[in-house]
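Below is one structure, written out as structure tokens; comments come after it.
Heavy atoms only: backbone and side chains are in, while hydrogens, waters and symmetry mates are out. Below, chain A is the first sequence line, B the second, and so on; all start at residue 1.
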Protein chains: 2
Amino acid sequence: MNIKKAAQATDLPPKTIRYYEEIGLVAPARSANGYRDYCEADLHRLRFIQRARSLGFSIQQCRSLLSLYDDEHRASADVKALALEKVGEIDRKIEELRSLRATLSTLVAHCHGDDRPDCPIIEDLAGA
Amino acid sequence: MNIKKAAQATDLPPKTIRYYEEIGLVAPARSANGYRDYCEADLHRLRFIQRARSLGFSIQQCRSLLSLYDDEHRASADVKALALEKVGEIDRKIEELRSLRATLSTLVAHCHGDDRPDCPIIEDLAGA
DNA sequence: GCTTGACCTTCCCGTAGCTGGAGCCTTTAG
DNA sequence: CTAAAGGCTCCAGCTACGGGAAGGTCAAGC
């Protein structure tokens with residue numbers, strides 16, 4: 001299967017699939033003409049990566065997940081640990097964003113927002 | 001004032017300050033020896049940027065904020081609009097992260113997390 | 001006067017995770 | 001036979017810097 005079909009089958013752009021090969025995630029066979037030739041196992045790995053990425057895992061984390069995916073004797077605890085770490089990361093990001101949002105919306109609330117130049121937002125940024 | 005002092009005064013690394021000059025945000029005068037020489041107005045701009053960045057504004061947004069900061073005849077409504085757009089961005093990110101978190105923690109909850117290899121997280125990623 | 005060390009300069013490379021494009025080759029349809 | 005569509009590799013660029021090399025400058029101590 002050529003790369004475009006593989007792209008359609010995995011919902012990934014061809015460029016991204018080539019990139020994943022370049023960084024050693026999925027290495028398909030090559031046809032006689034040099035074209036990439038994706039087998040079912042390759043597609044499974046690509047879909048696996050696509051799903052993991054869409055859940056927010058980094059490429060490095062995907063690498064770890066893939067090696068667990070490949071390991072018949074994995075311990076589900078190891079997978080769970082990775083997922084929990086990710087949940088922690090997400091929690092930290094949410095907390096950070098919430099804090100930013102609170103600060104910003106306080107500033108917004110104090111800005112009358114008309115055509116006059118005086119503005120508490122600018123004043124705060126300027127360190128008033 | 002040399003760059004290191006400016007860095008201490010603005011809580012920004014010298015590298016970052018040079019970068020801000022390179023992209024046209026703050027251009028200090030130069031001393032006879034070629035050293036950057038920061039005046040009070042430069043420091044104000046740098047602190048302004050530092051605060052805006054720490055509130056989550058992108059460099060492009062900082063550029064817009066700076067031009068409003070420079071504009072004596074600005075309308076506070078324009079500033080408020082930028083801030084509100086940022087709040088919207090943050091809200092969207094939080095929502096996305098919350099959704100990821102929900103999916104992930106559901107998966108985590110279904111994984112027994114022991115030394116056996118069967119794992120609902122891996123199965124989900126594999127598209128089971 | 002000389003050395004040493006702290007500072008300054010520019011320049012280039014690397015980060016994450018791709019995306020776009022150039023230039024060229026192969027396959028397929030009409 | 002031609003033209004379009006797809007494939008290939010390689011290079012550049014995006015954000016917002018950080019690290020480090022090679023070299024110039026300045027202040028302190030001997």
Item checked: Shortest non-hydrogen contact between B:Tyr20 and B:Ile59, atoms and distance -> CE2-CD1, 3.7 Å
Item checked: Spatial distance of atom CZ (B:Arg98) from atom CD1 (A:Ile90) [nearest 0.5 Å] -> 12.5 Å
Check: Got a second to check how far A:Ser58's OG is from A:Glu89's CD, nearest 0.5 Å?
Finding: 7.0 Å
Margin query: Counting only heavy atoms and a strict 4.0 angstrom limit, can you tell me which residues of residues 85-97 of chain B come near DNA chain D?
Written below: none
Check: To the nearest 0.5 Å, what is the distance between OG1 (B:Thr10) and CD1 (B:Ile49)?
Finding: 9.5 Å
Check: Just wondering, do B:Asp114 and A:Ser76 contact through their side chains at under 4.5 Å, heavy atoms?
Finding: yes
Check: Atom CG of B:Asp70 and atom CG of B:Leu65: how far apart are they, to the nearest 0.5 Å?
Finding: 11.0 Å
Check: Among the clusters formed by ILVMFWY side chains lying less than 4.5 Å apart, do B:Ile17 and B:Tyr35 turn up in the same one?
Finding: no
Item checked: Nearest-nucleotide comparison on DNA chain C, the residue closer to the 5′ end among B:Arg30 and A:Gln60 -> B:Arg30
Item checked: Spacing of CD1 belonging to B:Ile94 relative to CZ belonging to B:Arg101, to within rounding of 0.5 Å -> 14.0 Å
Item checked: Rounded interatomic separation in angstrom, taking CD1 from A:Ile3 and P from C:dT19 -> 12 Å
Check: What is the minimum heavy-atom distance between B:Val108 and A:Ala83, and which atoms define it?
Finding: CG2-CB, 3.5 Å
Next item on the list: Mind calculating the distance between CD1 (A:Ile59) and P (C:dT15) to the nearest angstrom?
Entry: 14 Å
Notebook entry, point to check: Is there a side-chain contact between B:Leu25 and B:Arg45, using heavy atoms and a 4.5 Å cut-off?
Noted result: no
Checklist line | Heavy atoms from other residues, nucleotides or ligands near CD of A:Gln8 exceed 12 (cutoff 6.0 Å) | finding: yes
Item checked: Distance in Å, A:Asp37 CG paired with A:Ile3 CD1, rounded so as to fall on 0.5 Å steps -> 11.5 Å
Item checked: Nucleic acid contacts of residues 4-26 of chain A, taken as heavy-atom distances under 4.0 Å to DNA chain D -> A:Lys4, A:Lys15, A:Arg18
Check: Who passes ring pair (Phe, Tyr, Trp, His ring centres under 6.0 Å) against B:Phe48, sequence neighbours left out?
Finding: B:Tyr69
Check: For the helix from C:dG1-D:dC30 to C:dG30-D:dC1, what angle lies between the axis at the first five pairs and the axis at the last five pairs, to 10 degrees?
Finding: 30°
Notebook entry, point to check: Of the residues in residues 33-48 of chain A, which ones touch DNA chain C at a heavy-atom distance under 4.0 Å?
Noted result: A:Asn33, A:Tyr35
Item checked: Side chain proximity check, A:Glu95 to A:Arg92, heavy atoms < 4.5 angstrom -> no
Check: Could you give the start and end, 5' to 3', of the contact zone on DNA chain D for chain A, using atoms under 4.0 Å from its heavy atoms?
Finding: D:dG6 to D:dC10
Item checked: Check: B:Asn2 and B:Lys4 side chains under 4.5 Å, non-hydrogen atoms -> no
